[in-house]
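Every chain is numbered from 1 and lettered A, B, ... according to where its sequence line falls, protein lines coming before strand lines.
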Amino acid sequence: VTDDHGPADREHAVERYLLGEMSDAERDRYEEHFFGCADCANDVTSTAAFLDALRASLAPPARQEPLKTAAILERWWSVQARALRALVCPLLPAAALA
Amino acid sequence: LNRHPFDVLYLERLRAGDSDTERHFFAYFSDLIRVKVRARGMAAALDDIRQETFIRVLRTIRSRDGLRDAGALGAFVNAVCGNVMLETGRAQKYAGAEPPSDSEGAPDPATPDAESQYLTEERKRAVRAVIDRMEPRDRELLSALFLEDQDRDDVCERMGVSREYLRVLVYRAKLEFKARYLARNDRRAAAASAPVVPQRKGVNP
């Protein structure tokens, strides 16, 4: 595989390599080849990127974060309480004087 | 065929520390080292292996009796990377450390810029289109292999296909993806370079 470019094309070498279907010796030879061959290097990196995208696309969509009801209620209540205090507090001194 | 992308001039520039050449060198071999390291299930140590490989290669190139054959640069980087990986594996073994969990196939976590994010989205759309056109059985086959991490022989036997079928399936899907992805990019480039026709004053279109 190292010197002859042909077998890499004929035997689906990229797919076999990236699917982990080569023997150790085959894998070593193929790596030696594509590190020095711009065409095969391009094929290997683009196929690897394609497989990454394929995995990502096949994966089910990530679940949405569940609504944190308690936190939302607490926040709502603190806003209401602040508004109530703002409404009531100015009246307190007058009420006390009356 | 562009068999040897590196020539004497490239090697000279690398030796002299030319920044553009160094940038190309790092980008080109980073991708290849990533593929090689992941193929050995050592993605968790990728950054260390890559950095050490580059340090050793550049040190050799810049030494007095360093690499002289530009055509051998790729093979040299591959050999150095292989040595670094062996040493990393041994060091982990002697340290008694559990090999770090390796999420095979997971893309490298990196903060993408706007351009690369756009390209990623484009790529995802093209891949989605390829998947949508597949036979349900082929989709199921790929899901079982890539997502559920099932034994390949078991999956192939259960679905009544050979390992060769799987290779060809991936190969054809890749070709279709390339055709779609490149076609999209070509259309985008054509639209961007389309001449703007100026409108004459007082003439409503």
Side-chain angles (χ1 to χ4, degrees), chain A residues 1-68 71-72, chain B residues 1-6 28-36 38-41 71-79 81-82 104-108 119-120 123-132 139-140 142-147 152 163-164 166-171 173-175 177-178 181:
Chain A
V1 178
T2 305
D3 297 325
D4 184 4
H5 185 81
D9 285 338
R10 284 198 299 274
E11 297 164 6
H12 293 150
V14 185
E15 287 74 26
R16 290 177 58 229
Y17 175 76
L18 292 173
L19 291 171
E21 299 201 338
M22 284 185 172
S23 67
D24 288 354
E26 268 184 302
R27 191 176 57 183
D28 289 345
R29 279 200 302 275
Y30 185 57
E31 284 172 350
E32 197 180 331
H33 172 74
F34 74 67
F35 264 73
C37 173
D39 290 327
C40 285
N42 182 44
D43 203 11
V44 168
T45 51
S46 64
T47 306
F50 167 67
L51 289 178
D52 281 343
L54 191 62
R55 282 189 187 95
S57 296
L58 285 166
R63 279 178 54 194
Q64 295 254 328
E65 183 82 7
L67 286 174
K68 293 172 180 167
I72 291 170
Chain B
L1 291 175
N2 188 7
R3 290 293 304 279
H4 299 298
F6 311 108
Y28 184 88
F29 284 111
S30 278
D31 286 347
L32 296 183
I33 290 171
R34 183 193 298 127
V35 168
K36 181 181 171 87
R38 283 171 62 180
R40 301 292 201 288
L73 179 61
F76 180 63
V77 176
N78 176 49
C81 181
E104 189 197 347
D108 293 330
L119 289 175
T120 304
R123 197 186 298 159
K124 273 187 197 164
R125 273 193 288 275
V127 169
R128 194 67 250 175
V130 173
I131 293 171
D132 289 345
R139 271 202 297 268
E140 194 186 335
L142 291 177
S143 295
L145 289 167
F146 290 152
L147 301 181
R152 287 204 182 127
R163 299 280 287 247
E164 179 63 20
L166 174 64
R167 282 198 289 275
V168 174
L169 174 65
V170 170
Y171 175 73
K174 179 187 72 176
L175 289 187
F177 162 75
K178 278 185 174 174
Y181 189 54

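- Contact between Glu15(A) and Arg167(B) at its shortest, heavy atoms only, is CG-O, 3.8 Å.
- Once rounded to the nearest 0.5 Å, the distance linking CZ of Arg38(B) with CG of Asp52(A) reads 4.5 Å.
- Residue contact with chain B, scored on non-hydrogen atoms closer than 4.5 Å, involves the side chain of Ala48(A) exclusively.
- Of all heavy-atom pairs spanning Val127(B) and Leu54(A), the tightest one is CG1-CA, 3.7 Å.
- Note that OG of Ser57(A) is 11.5 Å distant from CZ of Phe146(B), once rounded to the nearest 0.5 Å.
- Annotation for Ala75(B) and Glu32(A): closest pair CB-CG, 4.3 Å, computed over non-hydrogen atoms.
- Scanning all heavy atoms of the two residues, the minimum distance from Phe50(A) to Val170(B) falls at CE2-O, 4.1 Å.
- Interatomic distance, Glu164(B) CD to His12(A) NE2, rounded to the nearest 0.5 Å: 6.5 Å.
- The shortest heavy-atom contact between Ala38(A) and Tyr28(B) is CA-OH, 3.5 Å.
- Interface residue Phe29(B): only side-chain heavy atoms are found under 4.5 Å from chain A.
- Distance CZ/Arg16(A) to CG/Leu166(B): 12.5 Å, rounded to 0.5 Å.
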Item to check | Stepwise side-chain contact (heavy atoms from CB on, under 4.5 Å) check, Arg163(B) with Leu19(A) | outcome: CA-CA 10 Å; Arg163(B) 299 280 287 247; Leu19(A) 291 171; over 6 Å; no
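- The two residues Arg139(B) and Leu58(A) make their nearest non-hydrogen contact at O-CD2, 4.3 Å.
- Of the residues considered (Ile131(B), Ile33(B), Leu73(B), Asp31(B)), Ile131(B) shows the highest number of contacts with chain A, using heavy-atom pairs under 4.5 Å.
- The part of Tyr17(A) that comes within reach of chain B is its side chain, from C-beta onward, which places non-hydrogen atoms under 4.5 angstrom from that chain.
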Item to check | Full working for side-chain contact (heavy atoms from CB on, under 4.5 Å) between Asp43(A) and Lys174(B) | outcome: CA-CA 10 Å; Asp43(A) 203 11; Lys174(B) 179 187 72 176; 3.3 Å; yes
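- Interface remark: Ala79(B) contributes no atoms to any contact with chain A (heavy atom separation under 4.5 Å).
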